[in-house]
Structure formats: structure tokens, C-alpha cells
Q: 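Take this structure, written in C-alpha cells, and hold onto it; I'll ask about it next.
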Amino acid sequence: MSSRVLAVYDGSGIDGSLYTRVNGWAQSAPHWLDDVIKIWSAIGLGLFALFMLSAWWRARGAESAVMARVLASPVIVVVAYGVNSVLKNMVEEVRPCAQIPGSVSLETCPSATSGDWSFPSNHSVIAFAAAISLWFVSRRLGAVATLFAVLMAASRVWVGVHYPHDVAVGALVGIVVALVLAPLAGRCGPLVDRMRSGVLRPLLGPGTVPVATRGYASHRAR
């Protein structure tokens, strides 16, 4: 047995019955619905990149603290992913589709020997880290991104490759990392000011412009 402190190989005792119920729904659902969820689960993370690009485009006319948080959002996602990877390697939880007899996954199920562990969910941590980071840029954009983050987490259970607790903890990791780092990123506004006065001005924009900043006021002002 591994000497790792958090060695948990079989997560079915936590919420395996709930996973089995959801998996049954997926197996009896219309094929078109399974296909839609499968596609979303596979490529939906790209939408969060588009959200961040949209935030950058609009923040070019916002104050520098807002732009600093926008620029930090992909970094926050990477940090959250790194934290999640450490947890995965500590726990080494087998995927439910490889653990629970009779379960069916809508995408290829990593085997118990592949080293592609189930807990926590990478998709969930990325989606929620991005969504919560965007709350510090625009509440409206953050709310929309959070809705899609919930859909992403749910899709990972539906397609059969994660337990519900995998996606719940993945969401928590993303949320906590973003809540810690996003406010700190706003303090880098003076650095963005200097960058805007140099060759990066075309990318970062001129800064605060009343019309362009509508909906992108600083988090502190809100």
C-alpha cells in the first residue's frame, strides 16, 4: 500500500450510489443529449478562454487594476491546475468508470493503471478558477462563466469519468485559489500603468475611458 497520507483508491464509498444513478440517467437518455453533453465536456473549456479574451478586450478601456486582474486570470488557472495536480498524485483515486461494475462512460475511461487519477477533477478546477477570477473583473461576466462552470462540472459526472465529489472538490480548489490570488492581482495596477505607457499600449489599451468602462468598474468600487 502507498505510504501517501491521503491514499484513497476507491471513492465509491463516498457517493458511488449517486454516481451510479447519474450514470443510469446517461445510459437511458436520448443519444442526441448524450452527444451534446459529451461534446461540451470535451471542448467546453475553450469557452472560458473566450471569456478571458472578451474581458481583456473590454478592459483595455478600464482602469489598470481591472486590466491587472484580467491578465492574471490565466495565471490563476495555471496555479489552480498545479495545486489540483498535487492533490491528484497524493490521493490516486481510481476513475469510477474503471471501479464500479456496470458503469458506462461516454468518453474513453482511463484505466486504473494509467496514472490518470479521478480526484479532484481538472475540468472543474480550471472552469471554476477562470469563472471566479472573472468575478473580480465583471460581475456579469463572472456570473455567466460560473453558470458554465457548473455545467462543465456536471458534465464530467454525466459522461461517467468522475464521481460527484471529484467535481465538487475540484470546484472548491479553483474557487479558493482564485479568491486568494485575484485580489492580489489588482494591486499590480501601477505595473499595468507603466506597461501602458510603453510598447504594450496597443495591447493593454489607453486605460480608463468612461464609456468603455461601463460594466467594468473596479472590484473595490463595487
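Atoms considered below: every heavy atom in the structure, side chains included; atoms not considered: hydrogens, waters and symmetry mates.
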Q: Work out which heavy atom in A129 is nearest to a heavy atom in A178; give both atom names and the distance.
A: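 In terms of heavy atoms, the two residues are closest at O-CB, 3.8 Å.
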Q: Do any pairs count as a salt bridge (charged side-chain N to carboxylate O under 4.0 Å, His left out) and have a residue in residues 107-136, sequence neighbours left out, and if so which ones?
A: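 For residues 107-136: R95-D116, E107-R156.
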Q: Can you confirm whether V22 sits close enough to W25 that some side-chain heavy atom of one is under 4.5 Å from a side-chain heavy atom of the other?
A: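 Yes, close enough: below the 4.5 Å cut-off.
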Q: Check side-chain hydrogen bond (donor to acceptor under 3.5 Å, both in side chains) between S103 and all other residues, then give those that pass, not counting sequence neighbours.
A: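 Expected list: none.
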Q: Under 4.5 Å side-chain heavy-atom separation, chaining through any Ile, Leu, Val, Met, Phe, Trp or Tyr, what else clusters with L147? Say none if it is isolated.
A: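 Reading the cluster by chain and number, L147 sits alone, since nothing else belongs.
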Q: Do the non-hydrogen side-chain atoms of V91 and W117 ever get within less than 4.5 Å of each other?
A: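 SC-SC contact between V91 and W117 ruled out.
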Q: Atom CG of D166 and atom CG of D15: how far apart are they, to the nearest 0.5 Å?
A: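 Atom-to-atom, D166:CG and D15:CG are 7.5 Å apart.
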Q: With a 3.5 Å distance limit and no angle check, can you tell me whether S41 reaches the backbone of K38 through a side-chain donor-acceptor pair?
A: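 No, because the side chain of S41 does not come within donor-acceptor range (under 3.5 Å) of the backbone of K38.
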Q: Do you reckon V36 sits in the same ILVMFWY cluster as V150, going by side-chain contacts under 4.5 Å, direct or chained?
A: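 Different clusters: V36 never reaches V150 through Ile, Leu, Val, Met, Phe, Trp or Tyr contacts under 4.5 Å.
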Q: Only pairs at least two apart or in different chains count here, so list each disulfide bond (SG atoms under 2.5 Å apart) that has a residue in residues 66-141.
A: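 Only C97-C109 qualify under disulfide bond (SG atoms under 2.5 Å apart).
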Q: So, does N122 use its side chain to make a donor-acceptor pair with the main chain of N84 at under 3.5 Å?
A: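 No, the answer is negative, given that no donor and acceptor are paired below the 3.5 Å cut-off.
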Q: How long is the straight-line distance from OG of S121 back to NZ of K88, given to the nearest 0.5 Å?
A: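 Rounded to the nearest 0.5 Å, the NZ-OG separation comes out at 6.5 Å.
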Q: Under the rule for side-chain hydrogen bond (donor to acceptor under 3.5 Å, both in side chains), what residues qualify as partners of S133, not counting sequence neighbours?
A: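 Listed in chain order: nothing, the list is empty.
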Q: According to ring-ring contact (aromatic ring centres under 6.0 Å, His included), who are the partners of Y19, at least two apart in sequence or on a separate chain?
A: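 For Y19 the ring-ring contact (aromatic ring centres under 6.0 Å, His included) partners, ignoring immediate neighbours, are Y163.
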Q: Determine whether M152 and V177 fall in the same hydrophobic cluster, where Ile, Leu, Val, Met, Phe, Trp and Tyr are linked whenever their side-chain heavy atoms lie under 4.5 Å apart.
A: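 Per the 4.5 Å side-chain linkage, M152 and V177 are co-clustered.
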Q: If Ile, Leu, Val, Met, Phe, Trp and Tyr residues are connected whenever their side-chain heavy atoms lie under 4.5 Å apart, and connections chain through other members, are Y81 and V161 in the same group?
A: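 No; tracing contacts between hydrophobic side chains, which count when under 4.5 Å, never links both residues.
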Q: Do V167 and L151 land in one hydrophobic cluster if side-chain heavy atoms of ILVMFWY residues count as linked below 4.5 Å?
A: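 No, V167 does not connect to L151 through the hydrophobic network.
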Q: At their closest point, which heavy atom of P120 faces which heavy atom of L87, and how far apart are they?
A: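 Smallest heavy-atom distance, with atoms named: CD-CB, 3.8 Å.
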Q: Going through the distances and angles, do L106 and I37 end up as a side chain to side chain contact (heavy atoms under 4.5 Å, CB included)?
A: CA-CA 9 Å; L106 301 181; I37 296 176; 5.5 Å; no
Q: For the CD1 atom of I76 and the CG atom of L184, what is their distance to the nearest 0.5 Å?
A: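 Here the interatomic distance stands at 8.5 Å.
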Q: Begin from the C-alpha positions of D34 and W158 and carry the test side chain to side chain contact (heavy atoms under 4.5 Å, CB included) through to its verdict.
A: CA-CA 8 Å; D34 280 343; W158 187 273; 2.8 Å; yes
Q: If you look at every heavy atom in P96 and G160, which pair is closest and at what distance?
A: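 That closest heavy-atom pairing would be CG-O, 3.9 Å.
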Q: Just do the side chain to side chain contact (heavy atoms under 4.5 Å, CB included) check on F48 and L134 with the steps written out, would you?
A: CA-CA 10 Å; F48 296 91; L134 292 172; 5.8 Å; no
Q: Would you say the side-chain atoms of T146 pair up with the backbone N or O of G142, donor to acceptor, closer than 3.5 Å?
A: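 Pair found, side chain donor or acceptor close to backbone of G142.
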Q: Looking only at non-hydrogen atoms, find the nearest pair between W40 and F148 and report the distance.
A: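 Looks like CZ2-O, 3.5 Å.
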Q: Check for a donor-acceptor pair, side chain of H162 on one end and backbone N or O of F119 on the other, with a separation under 3.5 Å.
A: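 Such a contact is absent between H162 side chain and F119 backbone.
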Q: Is the side chain of T20 donor-acceptor paired with the backbone N or O of G16 at a distance under 3.5 Å, no angle test?
A: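 Yes, because the side chain of T20 sits within donor-acceptor range (under 3.5 Å) of the backbone of G16.
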Q: Nearest 0.5 Å, what's the CZ-OG distance between R58 and S138?
A: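 Going from CZ on R58 over to OG on S138, the span is 6.0 Å.
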Q: On a heavy-atom basis, which atom in A149 and which in F128 lie closest, and how many Å separate them?
A: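 That would be O-CE1, 3.5 Å.
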Q: To the nearest 0.5 Å, tell me how far I175 CD1 sits from W135 CH2.
A: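 Between atom CD1 of I175 and atom CH2 of W135 there are 11.0 Å.
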Q: Please give me the minimum heavy-atom distance between N23 and G102, naming the atom from each residue.
A: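 Minimum heavy-atom separation between N23 and G102: OD1-O, 4.3 Å.
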Q: Using the rule that Ile, Leu, Val, Met, Phe, Trp and Tyr join whenever any side-chain heavy atoms are under 4.5 Å apart, tell me whether I43 and L50 fall into a single cluster.
A: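 Unlinked, I43 and L50 end up in two clusters.
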Q: Supply the atom-to-atom distance M52 CE to L47 CG, rounded to the nearest 0.5 angstrom.
A: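 Between atom CE of M52 and atom CG of L47 there are 10.0 Å.
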